Amino acid sequence: MSLPKLQWAQVVEEAGGPVIYKQIPVPTPGPDEVLVNIKYTGVCHTDLHARKGDWPLPVKMPLVGGHEGAGVVVAKGQLVNNVNIGDHAGVKWLNGSCLSCEFCRTSDESLCPDASLSGYTVDGTFQQFCIAKAAHVSILPKDVPLDAVAPVLCAGITVYKGLKESGIQPGQTLAIVGAGGGLGSLAQQYAKAMGLRVIAIDGGEEKKELCQQLGAESYVDFTKSKDLVKDVQAATPDGLGPHAALLLAVAEIPFQQAAAYVRPRGVVVAIGLPAGAFLKAPVFSTVVRMIQIRGSYVGNRQDGIEAIDFLRRGLIKAPFKTVDLSELPKVYELMEQGKIAGRYVLKVPEPDLA
Ligand code: NAD
Ligand code: ZN
């Protein structure tokens with residue numbers, strides 16, 4: 001099979017600038033890398049942070065964003081023996097890591113100081129052909145649909161890991177903040193599959209309907225609630241507040257509310273990354289109620305395999321809308337306005353392969 005020299009991609013030329021749909025060269029994989037012909041790619045709010053350049057982490061420019069890419073391996077380097085041409089593969093946020101530091105050795109690869117990040121420090125999945133380190137690429141079972149698996153590759157893995165980090169047990173109550181968004185809708189599905197009771201927190205009727213469809217027991221609308229802490233506690237079966245909260249919203253306020261509504265010994269897991277925001281909790285009640293506050297950042301390779309297997313076994317089903325790669329600017333516009341219920345998945349045009 002001969003690969004084309006040029007491919008279609010969405011490129012950000014400068015931080016804060018627009019995405020430009022244009023043709024760029026098809027990259028060549030290095031000795032430990034694979035080249036994946038991306039068929040579908042999810043759009044994560046992280047991609048919008050990268051386009052805006054609003055995080056305290058330098059972003060590559062010009063940049064091809066995207067890190068929820070599902071496709072087919074079309075080329076590989078000479079050292080690659082764990083991936084074959086023709087395999088279905090997922091390109092994730094963690095594009096590669098050193099594999100030899102303490103964090104990589106103890107399966108905390110996302111903490112590797114030399115990690116490379118798809119669609120952030122290296123070009124990502126908003127293109128027809130994307131490079132990924134063979135050690136980190138997810139091999140996808142062929143019975144898993146490439147469109148439905150795309151959002152699992154970041155949103156799914158991230159919330160699956162966050163649930164593990166929360167230490168929550170089956171039968172306990174979980175507050176999901178930003179429940180109607182991309183991460184939130186998948187978090188609801190994983191929580192349900194794990195036997196948790198879900199309080200969904202988000203804004204507006206469309207998100208309310210989605211959360212109810214996804215199996216949330218109650219919905220607290222942050223745009224309407226006069227006392228969010230009280231309303232969340234009242235939504236738990238015994239009124240004591242949830243056992244844990246997953247913070248997925250791209251706003252600072254929830255990061256300053258959650259410690260107050262979780263029950264004693266409750267765990268607050270910060271996952272969303274609103275720019276310039278701070279976590280805040282009163283010292284006295286955090287101490288005497290034995291509250292834990294922790295961060296959770298994507299997942300390791302095994303978390304990826306497990307999160308994808310939930311999809312393969314039919315345990316999670318999160319809604320997504322599919323549009324063409326060329327429509328990325330419209331998706332960003334809707335995302336900025338908080339108008340996306342669930343996830344958008346981009347269909348990448350088929351390349352001319354001779
Ligand atoms: P999204 O835009 O799809 O969803 C965010 C949701 O939060 C929306 O539904 C919005 O209505 C809701 N929201 C806004 N303000 C709220 C409030 N005050 N209370 C409750 N809900 C509120 O975004 P996403 O793709 O799900 O990403 C969410 C965040 O997670 C982003 O900041 C992203 O960068 C981050 N993220 C972190 C990791 C990680 O590893 N920690 C991984 C992926 C994404
Ligand atoms: Zn993401």
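Note that the coordinates shown come from a computational prediction; the quantities given were computed from them, not determined experimentally. When a ligand or atom number is given, it counts from 1 through the structure's own listing order.
- Below the 2.8 Å limit, the Zn ion (ligand 2) has as protein N, O or S neighbours Cys44 SG, His67 NE2, Cys154 SG.
- Protein residues lining ligand 1, listed by chain and number: Cys44, His45, Thr46, His49, Trp55, Cys154, Thr158, Val177, Gly178, Gly180, Gly181, Gly182, Leu183, Ile201, Asp202, Lys207, Phe222, Leu248, Ala249, Val250, Ala251, Pro254, Ile271, Gly272, Leu273, Ser296, Tyr297, Val298, Arg343 [non-hydrogen atoms, distance under 4.0 Å].
- When all heavy atoms are compared, the tightest approach of Val83 to Ala134 is CG2-O, 4.0 Å.
- For the pair Glu327 and Lys321, the salt-bridge criterion is not met [side-chain N within less than 4.0 Å of a carboxylate O].
- For the side-chain hydrogen bond (donor to acceptor under 3.5 Å, both in side chains) test with His67, the passing option among Asp47, Thr125, Thr41, Asn95 is Asp47; the others fail.
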Evaluate side chain to side chain contact (heavy atoms under 4.5 Å, CB included) for Ile131 paired with Val91, printing each intermediate quantity in order.
CA-CA 8 Å; Ile131 282 181; Val91 179; over 6 Å; no

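- Between Gly342 and Ser185 the shortest heavy-atom distance is CA-OG, 3.7 Å.
- Between Lys52 and Glu336, at least one side-chain N (NZ, or NE/NH1/NH2) sits under 4.0 Å from a carboxylate O, which counts as a salt bridge.
- Taking the ring axis of Phe310 as reference, the NZ or CZ atom of Arg312 does not stay both within 45° of it and closer than 6.0 Å to the ring centre.
- The residues Lys22 and Glu13 are annotated as salt-bridged, a charged nitrogen and a carboxylate oxygen being separated by less than 4.0 angstrom.
- Ala259 and Ile293 make their closest contact through CB-CD1, 4.3 Å (heavy atoms, listed as atom of the first residue, atom of the second, distance).
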